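Step one of this worksheet: look at the structure below.
For the single chain, residues carry numbers from 1 onward in sequence order. Fair warning: this is a prediction, and the values are worked out from it, not measured in the lab. Each ligand, and each atom within it, is numbered from 1 in the order the structure gives.
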Amino acid sequence: MAEAIEIYDDRLRAILRPGASLQELANSAVHSEGPVYFHEDDSVVWSDAHGNRLLHWSPADKMSVLRSPSDYQSGNYRDLEGRLVACSSGLRAIIRREHDGEWKVLVDRYQGKRLNSPNDLVVKSDNTIWFTDPPYGITEPNQGYGGEQEQPGSYVYRFDPASGEIYPVVTDMVRPNGLAFSPDESLLYVSDTAAFNIPGGPHHLRVYEVVDHRHVQNGRVFCVIDPGQPDGLRVDEYGNIFTSSQDSVQVYAPDGTQLGKILIPQTSANLTFGGKERDRLFITAGHSLYAIDLNTRGVQL
Ligand code: MG
């Protein structure tokens, strides 16, 4: 497996599982994104974002279609009750699968105007939903139904499903896309994927200090991602950041040092920790779902 992992800093060795290798679990999606883990049946749900389907994989059943069409569902997560919450690029909304299996729109507007097209989300420990809102579901024909952009920019929002309160927390990025909190939720990392279709646009992660669980401040560039751009990211129990890129999952220490790369045969979009011990990294990349066992555990599933 040594040939598939590039080590730039010895701290990466403690994170890797000796003898573990990248496994391809499924490979027939048009474009895989947004994996989320279900410990109940050791399964992964993810989006075939360009195929407009929601997919399911488990060791017993392999790949199956959970929902089609999925209204261009992209990022997926679970709330504190275990319900699947998701970004719908097509509906331009945050949606939730209720306990009875019905899908419900939780929010699709801010100040009376439609959201752009929510792309990725995380649920904080207070059950608030923090999500990014780039315009890809409007501008990219294979990621949504088109339409007019009504918001003046691409922001990161904080939404409280209990009260319905919604407001932007990050307004100084070009195309915010993936996001994750540090283990103690004192920091918020957000990827900017503007370079995807804006020549010279950013392709980096920014990090912000979280204030009073409600706002962020002092944003700065945390790392620049090459080649390609970052998309989804996750954080492990030590605060290390795992981010997608064109050629690999790149691993960064909390101090910003790049520890190394886990090379992936296709361009990776998103990733999530799972497995019974939360030490298995699931990666959506191109047509496929991959997994690799690690010696560290995720703080976000
Ligand atoms: Mg994304």
Side-chain angles (χ1 to χ4, degrees), residues 29-37 44-55 70-78 84-95 115-123 129-144 154-157 159 170 173-181 188-198 201-206 222-223 225 228-235 241-246 248-250 264 266-273 281-290 300-301:
V30 179
H31 183 77
S32 291
E33 291 197 24
V36 62
Y37 182 73
V44 176
V45 170
W46 81 103
S47 298
D48 186 352
H50 299 181
N52 203 4
R53 304 183 297 174
L54 190 66
L55 304 176
S70 62
D71 291 319
Y72 294 97
Q73 201 161 321
S74 50
N76 297 290
Y77 213 87
R78 301 183 74 185
L84 181 54
V85 289
C87 291
S88 175
S89 280
L91 298 179
R92 302 168 66 172
I94 300 298
I95 59 177
L115 297 170
N116 296 333
S117 58
N119 186 283
D120 208 351
L121 75 173
V122 286
V123 175
I129 297 170
W130 298 51
F131 68 93
T132 60
D133 190 39
Y136 295 128
I138 300 172
T139 61
E140 306 303 312
N142 58 359
Q143 294 187 41
S154 297
Y155 304 145
V156 180
Y157 291 91
F159 170 65
V170 174
M173 295 183 68
V174 184
R175 294 286 183 268
N177 195 315
L179 72 175
F181 288 104
L188 176 68
Y189 298 93
V190 188
S191 70
D192 197 320
T193 53
F196 165 64
N197 60 4
I198 300 176
H203 44 104
H204 58 212
L205 303 186
R206 288 177 64 82
F222 176 74
C223 63
I225 300 297
Q229 63 268 328
D231 190 338
L233 58 143
R234 286 291 182 264
V235 174
I241 293 93
F242 294 70
T243 175
S244 62
S245 73
Q246 183 174 306
S248 62
V249 170
Q250 300 188 11
I264 310 292
Q266 303 175 74
T267 295
S268 58
N270 299 101
L271 43 120
T272 195
F273 282 93
L281 191 66
F282 293 94
I283 301 137
T284 52
H287 304 300
S288 300
L289 174 70
Y290 296 94
Q300 286 137 348
L301 297 179

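Look at Asp231 and the Mg ion (ligand 1): an N/O/S atom of the residue is under 2.8 Å from the metal. Using a cut-off of 2.8 Å, one finds that Thr132 contributes no N/O/S atom close to the Mg ion (ligand 1). Among the backbone and side-chain atoms of Ser74, none of the N, O or S atoms lies under 2.8 Å from the Mg ion (ligand 1).
If you look at Phe181 and Trp130, their ring centroids are closer than 6.0 Å. Aromatic rings of Phe273 and Phe282 (six-membered ring for Trp) have centroids beyond the 6.0 Å cut-off, not under it.
Annotation for His50: atom NE2 counts as buried by contact number, over 12 foreign heavy atoms lying within 6.0 Å.
Looking only at atom types and distance, the side chain of Ser288 has a donor-acceptor partner in the side chain of Gln266 under 3.5 Å away.
At the Mg ion (ligand 1), the vertex angle linking OD1 of Asn177 with OD1 of Asn119 is 80° (nearest 10 degrees).
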